[in-house]
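A short write-up of the structure that comes next.
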Amino acid sequence: MRKLIENKEVLKYCPHFSHIINFKYKADDLITDKLITVYRDFIFKADIHNEDDRIMVKDIDHVLNKYIDDFIFRKELKTEIVQIRIKKSCQDIIRAIVENILNIFNNYLYNTTRKIKIARWI
């Protein structure tokens with residue numbers, strides 16, 4: 001019963017939960033499948049009483065929603081995620097993956113806001 005209450009509390013910080021979990025992707029898209037699994041595992045494992053975990057839960061919810069809605073970001077994340085290396089000595093692999101996903105998103109934001117696209121009029 002206590003876990004159910006904690007899960008409901010976690011979902012308060014994840015406004016895009018149902019959109020992410022119910023996302024229809026191609027059967028051969030293993031990366032999207034793993035990302036959604038990591039998302040679900042992380043948010044329900046996070047300590048919602050810890051401020052850092054709450055922030056990460058909100059951030060990963062936002063990032064995966066962006067992943068679903070933005071084709072360019074989805075392509076970028078799929079390219080970058082396969083290059084992540086995590087040491088075997090890492091205590092929390094899911095957390096390390098989430099931190100890397102958030103870093104990829106921050107780099108994506110930085111790079112896309114730095115490039116100004118100007119339409120060419122003929």
Side-chain angles (χ1 to χ4, degrees):
M1 183 68 172
R2 183 174 185 194
K3 188 67 175 168
L4 180 64
I5 293 169
E6 288 177 6
N7 288 349
K8 286 183 179 182
E9 190 174 331
V10 166
L11 292 178
K12 291 178 186 176
Y13 299 101
C14 301
H16 307 106
F17 178 79
S18 61
H19 185 234
I20 294 167
I21 296 298
N22 297 323
F23 178 60
K24 302 290 184 218
Y25 51 90
K26 295 181 181 178
D28 63 342
D29 188 357
L30 297 176
I31 293 176
T32 300
D33 181 54
K34 294 298 181 188
L35 285 172
I36 292 172
T37 301
V38 165
Y39 166 77
R40 187 177 48 240
D41 291 348
F42 179 75
I43 66 168
F44 290 121
K45 191 181 91 171
D47 178 13
I48 210 64
H49 304 292
N50 180 341
E51 182 67 26
D52 291 337
D53 281 6
R54 263 197 316 264
I55 291 170
M56 285 184 71
V57 165
K58 287 179 185 178
D59 289 348
I60 195 65
D61 183 69
H62 173 72
V63 169
L64 280 208
N65 186 56
K66 179 78 169 173
Y67 173 84
I68 289 170
D69 291 341
D70 185 349
F71 177 77
I72 296 169
F73 175 61
R74 187 179 319 151
K75 185 176 173 184
E76 175 81 15
L77 184 58
K78 284 183 177 183
T79 303
E80 295 292 324
I81 198 82
V82 295
Q83 298 175 11
I84 291 176
R85 300 292 177 247
I86 298 174
K87 296 179 182 179
K88 289 183 180 181
S89 62
C90 181
Q91 297 294 324
D92 192 353
I93 294 172
I94 301 275
R95 184 180 200 81
I97 293 170
V98 168
E99 288 171 351
N100 280 293
I101 291 169
L102 296 177
N103 287 336
I104 291 168
F105 180 69
N106 289 334
N107 289 338
Y108 170 79
L109 285 180
Y110 177 77
N111 290 330
T112 56
T113 57
R114 302 294 286 168
K115 297 176 186 175
I116 300 172
K117 296 180 182 177
I118 299 174
R120 186 175 200 183
W121 293 92
I122 300 176

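The shortest non-hydrogen separation linking Glu80 to Ile104 is CB-CD1, 3.6 Å.
The structure places CD of Gln83 at 11.5 Å from CG of Asn100, a figure rounded to the nearest 0.5 Å. Atom CD1 of Ile97 and atom CG of Leu35 lie 9.0 Å apart (nearest 0.5 Å). Atom CD of residue Glu99 and atom CD1 of residue Ile84 lie 10.5 Å apart, to the nearest 0.5 angstrom. Rounded to the nearest 0.5 angstrom, Leu102 CG and Asp59 CG are separated by 5.5 Å. Distance check, rounded to the nearest 0.5 Å: CG of Leu64 to CG of Leu77 gives 7.5 Å. If you take CD1 on Ile93 and NZ on Lys88, they are separated by 10.0 Å, rounding to the nearest 0.5 Å.
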Item checked: Worked check of ring pair (Phe, Tyr, Trp, His ring centres under 6.0 Å) between Phe44 and Phe17 -> CA-CA 11 Å; Phe44 290 121; Phe17 178 79; 5.7 Å; yes
Margin query: Please evaluate residues Ile48 and Asp53 with respect to the criterion side chain to side chain contact (heavy atoms under 4.5 Å, CB included), reporting the C-alpha separation (whole Å), side-chain torsions for both, the decisive distance (0.1 Å), and the verdict.
Written below: CA-CA 6 Å; Ile48 210 64; Asp53 281 6; over 6 Å; no
Next item on the list: Could you walk me through whether Asn111 and Glu76 pass side chain to side chain contact (heavy atoms under 4.5 Å, CB included), step by step?
Entry: CA-CA 11 Å; Asn111 290 330; Glu76 175 81 15; 5.6 Å; no
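Both Tyr67 and Ile72 are assigned to one and the same hydrophobic cluster, defined by single-linkage of ILVMFWY side chains at heavy-atom distances under 4.5 Å. Residue Phe71 is not grouped with residue Phe23 when hydrophobic side chains (ILVMFWY) are merged at heavy-atom distances under 4.5 angstrom, including chains of intermediate members. Ile21 and Val98 fall within the same hydrophobic cluster, where Ile, Leu, Val, Met, Phe, Trp and Tyr residues are linked whenever their side-chain heavy atoms come under 4.5 Å apart, directly or through other members. Cluster annotation: Ile86 is connected to Ile94 through the hydrophobic network of ILVMFWY side chains, with a link wherever side-chain heavy atoms come within less than 4.5 Å.
Checking side-chain atoms of Arg95 against main-chain N and O of Phe42 turns up no donor-acceptor pair under 3.5 Å. Asn65 contributes no side-chain N or O that, together with a main-chain N or O of Asp61, makes up a donor-acceptor pair within less than 3.5 Å. Asp70 places no side-chain N or O within 3.5 Å of a backbone atom of Lys66 that could act as its donor or acceptor partner.
Residues Lys78 and Val82 are not in side-chain contact: their nearest non-hydrogen atoms beyond the backbone lie 4.5 Å or more apart. In this structure, the side chains of Ile68 and Tyr25 stay at 4.5 Å or more apart for every pair of heavy atoms. Inter-residue side-chain proximity for Ile43 and Tyr13 is flagged as unmet; no heavy-atom pair is nearer than 4.5 Å. Between Thr32 and Lys26 the shortest side-chain heavy-atom distance does not fall below 4.5 Å. Under the 4.5 Å side-chain criterion, counting only non-hydrogen atoms from C-beta, His62 is in contact with Phe105. Between Phe73 and Val63 there is a side-chain heavy-atom pair separated by less than 4.5 Å.
Counting non-hydrogen atoms of neighbouring residues, nucleotides and ligands closer than 6.0 angstrom, the NZ atom of Lys34 reaches no more than 12 such neighbours.
A salt bridge links Arg54 with Glu51: at least one charged nitrogen is closer than 4.0 Å to a carboxylate oxygen.
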